[in-house]
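Numbers restart at 1 for each chain; the letters A, B, ... are given by sequence-line order, proteins then strands. Here the structure is a predicted model, which is why all the values come from computation and not from measurement.
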Amino acid sequence: MHHSSFIIICLSIYVGVSLAQAREKGQLVFLEGLKDSIGAILQEESSQGTQHLSYLRSPGAGLKGLFRFVETSVSQNGARDDGESWGPPVLLIDDLSVLLSLGVTVGAILDFTLYCQATVCTELQGNMVILVRCEEEDVDDDEEGANLLQRGLVHQCNLALHVEGLPTGYCRDIHGQMQVWWRQSGETMYNPRKIFHFKVHDKGASFFARGTSSAVL
Amino acid sequence: MLLDVLQGAEAGGFILIQDTVKCTGRGILKCFINAALKRGEDVHVLGFEASETEVCAGLDRSCVQKLHFHKGFPDPLGWMCRSSFTVDQLTSQHITKLIKDSQHVKAPVLVIDSLSLVLRHHDPVVISQRLQELRKGGDVKTIISLLHSDLHLQGVVGIVSHLASTVISVAPANNEHHAVATTTRRTKSGKVMQEEEYFSVSEDVTLSVQAKLRPPGHVQKEQKVAEADPASNLTFNLRLSEEERKAKEKVALPFVFSKEKKSALLRPTPGSGRIMYEPDANDDFDEEDPDDDLDV
C-alpha cells in the first residue's frame, strides 16, 4: 500500500481507514473549519493560532492565511514509524462553496486554488481533490456565484467529475450519474466526456456504464 | 485565415485567443509561440497560470534559447515573494526593462498566459491602456494573449476584444479530433473579415487547418416529406363540393369595394344633407381634406 501524507479540511467522506490513528502518526492533518471558526470569530484580535481562518473576520482580505496553513502542512516532511518519509501529499477540500456563502469572492477562491495547485501538484507532485456545489445551469447570475467558481475551477483542473441525480428521477438501484471530463493541456484541445452511472454502498461506490446496472442485466 | 495570422504576425498586432471551459485555447497559444520561434523571433512569455514545463512541452527544441519564460506561476500574486514576475508588473515600464535586459536584436513577441488572471486583479480599462501603450511603444512587435471568455462579464471581454487586431475564438466541434476556430481580423484600413475553420494541434505543436466544411459523417439528405392532407380521416367534413365552392366565390365581402362603387359612394348625391360649418375664433380650420391620403 502506498503511503501518502494526507491533508483534509472538514472531511466528510468515510474512507474506511482509521483516521484517528493516522492523525496521531502525523500522516493526516485535519483542519476542522467548523469547530475552529467559532473561536476565530469570537476572538478580539486574530492571533497566530487562527491566521488560517482570518477570512472569517475579513472576507474581503482573501485566503492568503488559509494558503499559508496548507503550504506549511504539506511541506512538513514528517517521518513515518519505519524511518521513511511520506510520499507526495494529497489535498482534499470539502467544500469550497461554503467559502462563497461566507463572503469570500470568487476571485479570492480561485487565487487560493491556483496557489494550492502550484504548491501541491506542480512542486510536490501531489494531488488535489476539491468538492464544489453548483447551481442549476439556467441561473442568470453569472457574475458572482457558484457557476462562475465552477467554470474557473474547470479551467484550472485536469479532471472534472460532474455528479448529479438521474434526469428521470429517483431510482433504488442507481443513485445518480457522473460525467467524467478530461481536460488535457497542450496538444489536445478537445475534451472528451464520458457518462457513468453509480450506486453508493456502505464503504464505497460502484460505477458502471449507462444501461449496465446489475439490476437490469 | 487562421494560418495566415499564425505565419503573418504583422507589427503592432494584438492577437487575442478566447476560450471557454468546453474547449481550451492553450493549444493554439503554444502553436503561435512555436511558429514565432521557428521564424527566429524572440518570444517573451509571461506565464501566470501554467508552469514553464507545461507551456514549453512539445516546443521546437532547436529554438528554445530564443524563448524567455518569465515565471509568474507558481507565485503570480507575490504571496510567497519568490516570483520573477507578478500580475502587478504588467506595465510598459516593466516590460520594456524585461526586454532590454534580455539583449535582443529586434522587437520580440510578447505572450500573456493568461490575461484572465490579470483582469481578476486589475481594472480592465487600466490593463487596456497599458496594452495599448505597449503596442504603440515599439518595444514589442506583437502581443498574443489568452483569455477565458466565460470567466468575465461580457463588457470586459468586449473591451479587450475591441483592442485586438485579431480575435480567435475556439469552440468544440462534433468531431472529437478537431475544434472550431472563429477568426475575426481587423485590417488597418478598418475592414473586418471573419472565417470559421476546423483545426487540430499535433503533438509537435503544429497547427493544421481544414476549411469549414460539412463533416463527412454527418451528411444530411434533405428528404421531401410528403405533406399529409389535413382534411382526411376526420369525423366531420372540411371539404367543399363544387356548388359550395362557387357560391363561396360569389359572396361579396363587406368592405372590399369595386372601383365604381367606391366613386359612387364618395360622390356627393343631390339632396343629401349639407354641412354648414362656421369656424370659431379658436378653431384651426384647414381647407385640406384629412382623408386625402387614404387608399380606399
Side-chain angles (χ1 to χ4, degrees), chain A residues 61-68 70-72 75 105-125 134 137 140-145 147-158 160 162 179 181-194, chain B residues 19-31 48-59 72-80 83 87 114 116-117 119-121 146 148-154 170-181 199-206:
Chain A
L63 297 172
K64 201 166 161 180
L66 189 62
F67 167 69
R68 291 240 179 273
V70 168
E71 192 200 4
T72 336
S75 312
T105 60
V106 174
I109 299 177
L110 290 174
D111 290 340
F112 166 70
T113 49
L114 183 71
Y115 267 82
C116 287
Q117 184 187 11
T119 306
V120 174
C121 304
T122 311
E123 280 183 39
L124 298 172
Q125 300 295 302
C134 306
E137 285 278 336
D140 281 331
D141 151 54
D142 57 3
E143 259 185 56
E144 284 286 320
N147 287 342
L148 180 61
L149 176 61
Q150 185 227 351
R151 289 197 296 269
L153 290 172
V154 173
H155 271 290
Q156 282 177 9
C157 74
N158 298 111
H162 191 82
Q179 271 191 51
W181 198 2
W182 287 101
R183 285 199 46 91
Q184 298 173 24
S185 58
E187 308 80 33
T188 49
M189 71 259 80
Y190 59 88
N191 304 308
R193 286 202 241 188
K194 290 197 173 0
Chain B
D19 70 356
T20 62
V21 287
K22 294 194 180 121
C23 186
T24 175
R26 197 161 276 123
I28 280 202
L29 185 73
K30 285 174 67 167
C31 289
F48 296 123
E49 271 185 17
S51 65
E52 184 172 0
T53 334
E54 195 187 320
V55 175
C56 297
L59 295 182
F73 188 91
D75 187 15
L77 305 172
W79 284 3
M80 302 192 285
S83 165
V87 292
S114 73
S116 287
L117 189 58
L119 289 172
R120 210 152 76 202
H121 291 273
L146 181 63
H148 307 304
S149 56
D150 54 357
L151 294 186
H152 305 280
L153 293 174
Q154 289 259 7
V170 294
N174 292 334
N175 183 340
E176 272 195 359
H177 299 284
H178 295 98
V180 176
F199 73 95
S200 61
V201 177
S202 63
E203 277 194 24
D204 63 345
V205 197
T206 330

Which of B:Glu49, B:His152, B:His148 passes side-chain hydrogen bond (donor to acceptor under 3.5 Å, both in side chains) with B:Ser116? It is B:His152
Which one of A:Thr119, A:Asp111, A:Thr122, A:Leu114 has the most heavy-atom pairs closer than 4.5 Å to chain B? A:Asp111
Checking B:Leu29 against chain A: side chain, backbone, both or neither under 4.5 Å from a heavy atom? neither
Is any side-chain heavy atom of B:Leu77 closer than 4.5 Å to a side-chain heavy atom of B:His121? yes
So, the side chain of B:Asp150 versus the backbone of B:Val21: is there a donor-acceptor pair under 3.5 Å, distance only? yes
Given B:Pro76, B:Cys31, B:Ser114, the one with more heavy-atom pairs under 4.5 angstrom with chain A than any other is B:Pro76
Partners meeting side chain to side chain donor-acceptor pair (under 3.5 Å) with B:Asp75 (sequence neighbours left out): A:Tyr115
